[in-house]
Every structure is written in structure tokens, then in C-alpha cells.
Amino acid sequence: MNSKKVRTRFAPSPTGFMHVGNLRTALYSYLLAKKAGGVFILRIEDTDQTRYVEGAVEMICHILKETGLRYDEGPDVGGDYGPYVQSQRQEIYREYAHRLITTNDAYYCFCDKERLDKIREECRIAKIDPKYDGHCRKLPPEEIQKNLEAKKPFVIRQKMPASGDTIFDDKVFGTIKVDFAQLDDQVLMKADGLPTYNFANVIDDHLMEITHIIRGSEFLISTPKYNQLYRALGWEIPTLVHVPPVMKAAGQKMSKRLGDASYDDFIKKGYLKDAIINYIALLGWSPGDNREIFTLPELVNAFDINNINKAPAIFDEVKLNWLNGEYIRKLSLDEFHQMALPYIKQASYLTPIDVRKVSRLLQPRVEKLIDIPGQIDFIDSVPDYRLDLYAHQKMKSTPATAIQFLKSALPVLNTIDIWNEEHIHTAVFELIDQLKIKTGQLLWPLRIALSGKQSTPGGFIEIAYLLGKEETIKRVEEAIRRLGTEKVAGAS
RNA sequence: GGUCCCAUCGUCUAGUGGCCCAGGACGCCGGCCUCUCACGCCGGCAACACGGGUUCGAAUCCCGUUGGGAUCACCA
């Protein structure tokens, strides 16, 4: 049996939202399968029609493909174990549910919501675990028959042992012991004729010959219920791999409501898909050595479920920022330029600038694409700024020296015929030599005059080149005018 | 609350009885580079939750405490 080909599955429900914890589960499932040369499957768990979101399946398929987590079998790619959408497998579940009734491992339950609520309320008052009381377990066959014929709504419940322990092994958590007494007679088939996740998942995993189940650790406690089902059906229990949750910084589980935890949101903010995948791979898993940068194929190679951590991991966007920056810097200029262009245009569409040059300046300074507009907002026009920006201790610049050197620079700038970085550089540094001043004393005020910003991508020469001669001179003149007429705030 | 699980720097983690007065990374701080910022380079701060055992020896094993997470649906 061990020689069976490894088959793993990612089984999301189409609720229109792929949060990073889910994506990580998909990643681990993919890695585990591919590491073993096995098959990765996508199965859609849409048995709760009330939560179904239009277009969610397409979104899931798209994200998996985009991130490189290509599934070998799935709703849109087919395979020998289909259909891969649970709502299309109703007959299958019905058949097995009835088989369980025949073998006395499950039973019809006709209790309505009111009665169930009452039981729960009674349990609450008695301070015991809320559990179904087994009322319909002992219904006489005639009554069941009568109810069925009367078309009374029913569910099918699983018969759980009333007492005793059950033990199972999990690849990351080890041996887990659970008391049957706290396990409810869970519903297998709902009144609407659809199976619950708890049931469908067991049936499908077996029928699809899943060898390793990778899922969130929130299923750890209910695992014995599934195991009972496997036993009742005479099926082999797959290898269990439960992974701890991904938490939001505050120590709360990641959720849609808590913030931008979805894959889409990160993409919108200008994170690279490879960086996201790389980062979440490291969230709760470690390669064992100190390596941190991995391509997907490298992850496949390095992955080992023995190195999955048991404790919940907190998602750290700051570290993702760094990793994303690493990925951005590794891009070729062309690649980066292509990605950056929309964001550059967002900030500047008036000035006919050398956009490639902007990208070159930006690339080592950008962590996520969405930061770009704010970094180059000075290109179209100088933002409002305070004149005390001209004071810079380390540059040995003050508003007084600034106006003086700006004035000396003006004629020099005017004489530059060929407006490129080389010529601007030569001219400006000749002036610095002449004046016998520190480079910063001239270059700092010039840069401020052009940008109105404390920091910019590139220095004066690069920005001057970008803006062009005319605009540069115009801005320097304006700075001189302001310095000559306005009082410097805070100056004494 | 019952039950299950977990616990190394702020965060992600290495560590599976001696190699650890605990290693890497992010962040933070300092320095170098430098026309600003960033990149890059160098350095620094910073953790075995606590208390008992076991052992010649414990971050590593056991027990308890504390803290955290999960679960108790006709949701997955």
C-alpha cells in the first residue's frame, strides 16, 4: 500500500475569498505531492449553497494557476476521479449514506430545529457539552417508515460510540487522543439532500484515492469522527497532516473582517506572487537551514512535512515587505519597468519624462509597487513644502546659504547645452570646486528646489535630467523667489 | 466552561540530552558607502514563559502553573 502514488488535494469552499492561510494549505499540499512525484488535485466543496459566491470557483482556479500551483485534476481540467465539484456528486453521497444506515452506523433523524435548540439550551443550563440526545437513534422501524412516507424532513446522523477513547496519528502533531463522549452524532446528510463537509470529504478523499490529507488544525478534534466513517466503510485512513493556523498580528486568527489578508489584496498592493508564495511557505515551515529565498521548484525540492511547526504563526507584513523588495530587486530592469509603469503613470502623466530612467531609480527603493506614486509625486509639480527643509546640518546647508548657492547655480545651469546627467554633473561640480564648498551645500538645496521633498529616488542630477532644463531652471528660480520673500518658519 | 493542541529574541524560525552563557532572517540601533533617500557592506541590542523533577549534564525528557490557539452547527 505504501507504494501507492501520492495524491493530495486542496478542497476550498467557494466563498469568494482566498486568504493567505488557505493559500498556504494549498501550497503545502502541492509541495507534498510534487516532492513525491505525485498528483495534486483541486476539489470544490460547495455543499453549503447559502455561502456560495458567484465566480468564486473561477477565482480559485485562477489564483492557483497564477501562483504556479498547477493542479493535475480539477473542475476545469478534468481527471479520472471526477466530478471535482461536490454539488455534482450528490448521488454518490446518498448511496454511501444509505449504506451506513444499512450497516447501522448511521440513522435517520427527524428532529426539527426547535427541538434541537431546546436540547442545546438544556445542556447549557445543565452546564454539560451540548450534544444531540440520540432521540432518533432508537426510533422503531415502523415510525421511520411512516415519517419517510409522510415526507417528513430528515437528516442522516452518524452513530458515534457513547464512550471510550480513540487514538490517531498526525504527521505534525503526533499522537492525538480524543474521548468519544465529547463527539456528537454529527449530521452526514442535510435536510436539503446535500452532504455536510464532514461526510463528503471522507467519501471524496477515499474515492479520489487521496493519500495525504493536508488541512487546518481546526479539524484535529473532529478527525476521529472521520476515522469512524472510514472504519465503518472498511476504508483505509489516509495520512493526516494538520497545519497550525496563520494568525493576524494581534493574536487573532486571520479573517476577512480583520484586514487585508486575502491573496488578492496583497496583489493589489503590489506584492509579487512569487514573494507571497515564498513568504507563506516560510510561515510555519522551515527548510532546516538558513535559506530564505526560494523559487517554487526549489520549495518542492526542500519541502519536508517533518519541518512544519506546531505553533500558530503570526503573519508579519513587515517581513513580507522585505522579501518583496528582494524579489523586486532581482527583477530585470525590463521586468520591473513593465510592472512599475502603471504606478508611475498614476503619479505622473503630465511631464514627458524618461520613464525608464524613473524605473531604474525606483527599483532599489521600492518594497511594494503601490509605494511608487508617493515616491515620485514631485515630478508633475513641486508639492507644498516648508522652507526650513533647506536647513540640513550634515549638508551644511541653511536657508541663507541655499539662496546664495542657488543663485550661483542658475547661470551655470543655463549654460548647459546638452542636458544629460554627464553634462549636468560636470557643470555642477565645477561650480562646487570654484565656490570651494561642500557638495551637499549646493546639491542639497538644488534637490529641494526641484522636489520639495526630504528624500527622493535619485539625487539632484538625476532629477534635473528627468525634469529637463527648462523645468529645472523654472523650479530653481521659484525656490530663489520663495527664499527671498518668505520668512523661514521657525527661523530666529 | 469541558475537551484537544501548542509554548526559543517584538515577529518568522534553527535546535530532537553534551557541538548552545542558544544560530539565521525581518525589524530596530550604530557605522561605512554617498549629492538626499534607498540599495550594498560591517557591527550591535534582543529569546529558551515560570516552578519542580529525571540526569554526571536539559532549550531539548517528565509533572505542575501560567499564557496562547482550536473545538463544542443541518459552516467548511
Side-chain angles (χ1 to χ4, degrees), chain A residues 11-13 15 45-48 50-51 109 111-113 116 120 123-124 127-132 153-157 170 173-174 176-179 181-184 186-192 194-198 200-201 215-223 242 244-245 247 249 251-253 279 282-293 307 309-323 325 329 361-367 375 392 394-395 425 428-429 432 438-448 451 453-463:
Chain A
S13 44
T15 55
E45 311 233 334
D46 60 345
T47 56
D48 182 3
T50 62
R51 296 209 307 168
C109 172
C111 296
D112 56 20
K113 189 173 178 301
L116 261 19
R120 227 168 269 134
C123 288
R124 196 183 61 78
K127 286 196 194 305
I128 56 171
D129 283 356
K131 264 180 71 171
Y132 179 62
F154 67 88
V155 300
I156 295 176
R157 287 184 183 273
D170 179 78
F173 285 91
I176 309 285
K177 197 181 103 176
V178 179
D179 194 343
Q182 64 158 313
L183 266 20
D184 208 351
Q186 66 173 344
V187 171
L188 265 21
M189 295 296 285
K190 297 182 278 191
D192 63 5
L194 284 167
T196 59
Y197 159 86
N198 298 311
N201 126 335
R215 59 155 88 110
S217 60
E218 66 268 23
F219 294 107
L220 221 33
I221 294 184
S222 42
T223 295
H242 285 90
M247 315 279 292
Q252 264 305 308
K253 189 172 175 175
Y279 178 71
L282 261 17
L283 251 195
W285 169 80
S286 150
D289 57 24
N290 288 330
R291 201 135 98 80
E292 302 217 80
I293 311 277
N307 290 330
N309 234 75
K310 291 189 248 205
I314 294 171
F315 192 95
D316 182 8
E317 196 159 330
V318 174
K319 183 150 186 178
L320 206 213
N321 286 343
W322 164 77
L323 228 203
R329 274 167 248 133
L361 290 173
L362 245 17
Q363 192 173 4
R365 287 169 245 258
V366 167
E367 281 193 323
Q375 284 179 301
H392 192 292
K394 203 173 155 224
M395 296 299 115
H425 186 278
V428 166
F429 275 81
I432 289 167
K438 263 198 67 161
T439 47
Q441 285 185 285
L442 179 64
L443 265 10
W444 175 266
L446 279 172
R447 214 194 93 257
I448 300 296
S451 68
K453 287 170 82 85
Q454 186 124 33
S455 65
T456 49
F460 164 73
I461 290 162
E462 284 146 323
I463 294 172

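All figures in this text were calculated on a predicted structure; none of them were measured in a lab. Naming convention: chains lettered A, B, ... in sequence-line order (proteins, then strands); numbering from 1 in each chain.
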| Does a nitrogen or oxygen in the side chain of A:S451 sit under 4.0 Å from OP1 or OP2 of B:rU36? | no
| query | Side-chain N or O of A:R120 less than 4.0 angstrom from OP1 or OP2 on B:rC74? | reply | yes
| query | Considering Watson-Crick and G-U wobble pairs with both distances under 3.5 Å, what does B:rC19 pair with? | reply | none
| Picking from B:rA70, B:rC75, B:rG69, which would you name as closest to the side chain of A:K190? | B:rC75
| note | Looking only at B:rC35, B:rC74, B:rU36, the nucleotide nearest the A:W444 side chain is B:rU36
Would you tabulate the nitrogen or oxygen pairs shorter than 3.5 Å linking the protein to nucleotides 1-6 of chain B?
unit_1 : atom_1 : unit_2 : atom_2 : d
B:rU3  : O2'    : A:Q182 : NE2    : 2.0

| said: Closer than 3.5 angstrom, by distance alone: can the side chain of A:E45 be matched with the main-chain N or O of A:A200 as a donor-acceptor pair? | reply: no
| With respect to the side chain of A:S286, which nucleotide from B:rA14, B:rC37, B:rU34 is positioned closest? | B:rA14
| B:rA46 - base-pair partner by Watson-Crick or wobble geometry, distances under 3.5 Å | none
| Rounded distance (Å) that lies between atom P of B:rU13 and atom CE of A:M247 | 12 Å
| A:N309 has a side chain; which of B:rA14, B:rA76, B:rG40 sits nearest to it? | B:rA14
| query | Nearest to the side chain of A:R329 - B:rC39, B:rC74, B:rA76? | reply | B:rC39
| query | Rounded to the Å, how far apart are A:R51 CZ and B:rC74 P? | reply | 14 Å
| Across all strands shown, which nucleotide pairs with B:rU34 by Watson-Crick or G-U wobble geometry, both distances under 3.5 Å? | none
| task | Taking the side chain as every heavy atom from C-beta outward, state whether A:R215 and A:L220 have any atom pair closer than 4.5 Å. | result | no
| Can you tell me how far OH of A:Y132 sits from CD of A:Q186, rounded to the nearest 0.5 angstrom? | 14.0 Å
| query | Taking side chain as C-beta onward, heavy atoms only, is A:M189 less than 4.5 Å from A:T196? | reply | no
| said: Among B:rC37, B:rC35, B:rA38, which nucleotide has an atom closest to any side-chain atom of A:S455? | reply: B:rC37
| remark: From CD of A:E462 across to P of B:rC37 the rounded distance in Å is 14 Å
| Taking a pair as Watson-Crick or G-U wobble with both distances under 3.5 Å, which nucleotide is matched to B:rC72? | B:rG1
| query | Is there a donor-acceptor pair closer than 3.5 Å between any side-chain N or O of A:Y279 and the backbone N or O of A:D316? | reply | yes
| note | Value for CD1 (A:I221) from CD1 (A:I176), rounded to nearest 0.5 Å, stands at 9.0 Å
| note | Winner on side-chain proximity to A:A313, out of B:rA76, B:rC74, B:rU13, is B:rU13
| field | Which residue lies more 5' along RNA chain B, comparing A:D289 with A:G440 via nearest heavy atoms | value | A:D289
| said: Closer than 3.5 angstrom, by distance alone: can the side chain of A:R447 be matched with the main-chain N or O of A:K453 as a donor-acceptor pair? | reply: yes
| query | Which sits closer to the 5' end of RNA chain B, A:L443 or A:K113, going by the nucleotide each is nearest to? | reply | A:L443
Write down the protein N/O and nucleotide N/O pairs, taken from nucleotides 44-46 of chain B, whose separation is under 3.5 Å; answer none if there are no such pairs.
none

| request: For the residue pair A:L283 and A:F315, establish whether any side-chain heavy-atom pair is separated by less than 4.5 Å. | output: yes
| query | Rounded to the Å, how far apart are A:D46 CG and B:rC75 C1'? | reply | 13 Å
| A:L362, A:V366, A:I463 screened by side chain to side chain contact (heavy atoms under 4.5 Å, CB included) with A:P457, the one that passes | A:L362
| message | Can you build the contact string for nucleotides 24-30 of chain B? Use B for base contact, S for sugar-phosphate-only contact, and - for no protein heavy atom under 4.0 Å. | response | SBSS---
| field | Value in whole Å for how far the C1' atom of B:rC35 lies from CG of A:L361 | value | 13 Å
| query | With a 4.0 Å cut-off, would you call A:R329 and A:E367 a salt bridge? | reply | no
| Residue A:F429, side-chain atoms from C-beta onward, closest of B:rC35, B:rA38, B:rC74 | B:rC35
| task | Hunt down the Watson-Crick or G-U wobble partner of B:rA25, both distances under 3.5 Å, from any strand shown, or write none. | result | B:rU11
